[in-house]
Protein chains: 2
Amino acid sequence: MSVRLRPIQALRLWHEVGLALVRGNGVDLTSRQLAVLLTIYLEPPPHTVRGLAAKLGVTKPVITRALDAMGDMDLVSRRRDPADRRNVIIQRTVRGALFLDELGDLIAARAAELAP
Amino acid sequence: MSVRLRPIQALRLWHEVGLALVRGNGVDLTSRQLAVLLTIYLEPPPHTVRGLAAKLGVTKPVITRALDAMGDMDLVSRRRDPADRRNVIIQRTVRGALFLDELGDLIAARAAELAP
DNA sequence: CCCAATCGTTTCACCTCCGTATCATAAACG
DNA sequence: CGTTTATGATACGGAGGTGAAACGATTGGG
């Protein structure tokens, strides 16, 4: 049980988590890359390059390159859609799920500290 | 009154706010720039380039350039410390305070929706 | 069939960011 | 004073991101 998060506490939450991500050792993602990753893991599949581009309001190459970068980090994977081979289906990976699990725990823990 | 924010809700919160920032028309900040801005506005002054660099675990040029960029957007301002003219004191601006007010409201509003 | 439409990728020129190294200025100290 | 130390800014090369445009691959409608 906790009181509603107030704006000042919300900023402190963003601040602390942002610091943890910036100082973070391993993965460092662009804000757009993180937005892509969260969309893939939180919204119902299937996910396509075009759909993600529209969702974020950016051009398709932005998505392609974000997927390249995160694919190299093994956070997502791609495969052709067998039904329509023009499409590319973006899939989750174990490492990506683990990364977001930890991020969710981090945010929730800081929120609990700020609004007990 | 709200239940404690759970990890999955925390991720949804980050996702929605991240989307709003990415799609947002106006100010476009790097995660490091936002971390600098939040530090300036949330932690007690005075703030110096060196102190901010240590706080974020980055080199001094990163801070100098972040301040350049955010100074152009009128989110922060700099002035020499009259006591020790080697130092630069980073100061808040009306526009920066307004931007962070709106961000705090945005986060708090989304959090209230997610964990009612 | 064939040709237009769709999808993801690639190319291009430009810009910004990063860290290292260096610089100019200013204070501290012998 | 002159030297050392400290601070912030700048130069530089490298890496990566961005949008616009063009490109292959694939589909589906006429």
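Throughout, a chain's letter reflects where its sequence line sits, starting with A, and its residues are numbered from 1. Computed from a prediction, not measured in an experiment: that's the story for all the values here.
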Side-chain N or O of A:Q33 closer than 4.0 Å to phosphate OP1/OP2 of D:dG17: yes

Heavy-atom donor-acceptor pair, B:R95 side chain to B:D74 backbone, under 3.5 Å: no

Side-chain N,O (B:T64) to OP1/OP2 (D:dA9) below 4.0 Å: yes

Separation of C:dG8 P from A:D81 CG (nearest whole Å): 10 Å

Lys/Arg-Asp/Glu bridge criterion (N-O < 4.0 Å) met for B:D68, B:R78: yes

Side chain of A:K60 - closest among D:dA9, C:dG8, D:dT7: C:dG8

Residue mapping more 5' on DNA chain D - nearest nucleotide basis, A:P82 or A:V58: A:V58

Separation of atom CG in B:D84 from atom P in D:dT5, rounded to whole Å: 17 Å

B:H47 NE2 to D:dT7 P, straight-line distance once rounded to whole Å: 17 Å

Approximate separation, where rounding is to 0.5 Å, of A:L21 CG and A:W14 CH2: 10.0 Å

Separation of atom CG in B:D28 from atom C1' in D:dG17, rounded to whole Å: 11 Å

Length of the line joining A:D72:CG and D:dA15:C1', which is rounded to integer Å: 14 Å

Ionic contact status for A:R23 with A:D28, cut-off 4.0 Å: no

Separation of D:dT27 P from A:N87 CG (nearest whole Å): 10 Å

Nucleotide nearest B:T59 when distance is taken to its side chain, options C:dG19, D:dA9, D:dG17: C:dG19

Length of the CD1-P vector between B:I63 and C:dC17, whole Å: 12 Å

Among D:dA9, D:dT10, C:dC18, the one nearest B:P61 by side-chain distance: D:dT10

OP1 or OP2 of D:dG17 under 4.0 Å from side-chain N/O of A:R65: no

Rounded distance (Å) that lies between atom P of C:dG8 and atom CD1 of A:I89: 8 Å

B:R80 side chain near D:dT7 phosphate (N/O to OP1/OP2, under 4.0 Å): no

Candidates C:dC7, D:dG17, C:dA26 - which lies nearest the side chain of B:R85: C:dA26

Distance test, side-chain N/O of B:R86 to OP1/OP2 of C:dA28, below 4.0 Å: no

No-hydrogen, no-angle side-chain donor-acceptor test under 3.5 Å, A:H15 and B:T39: yes

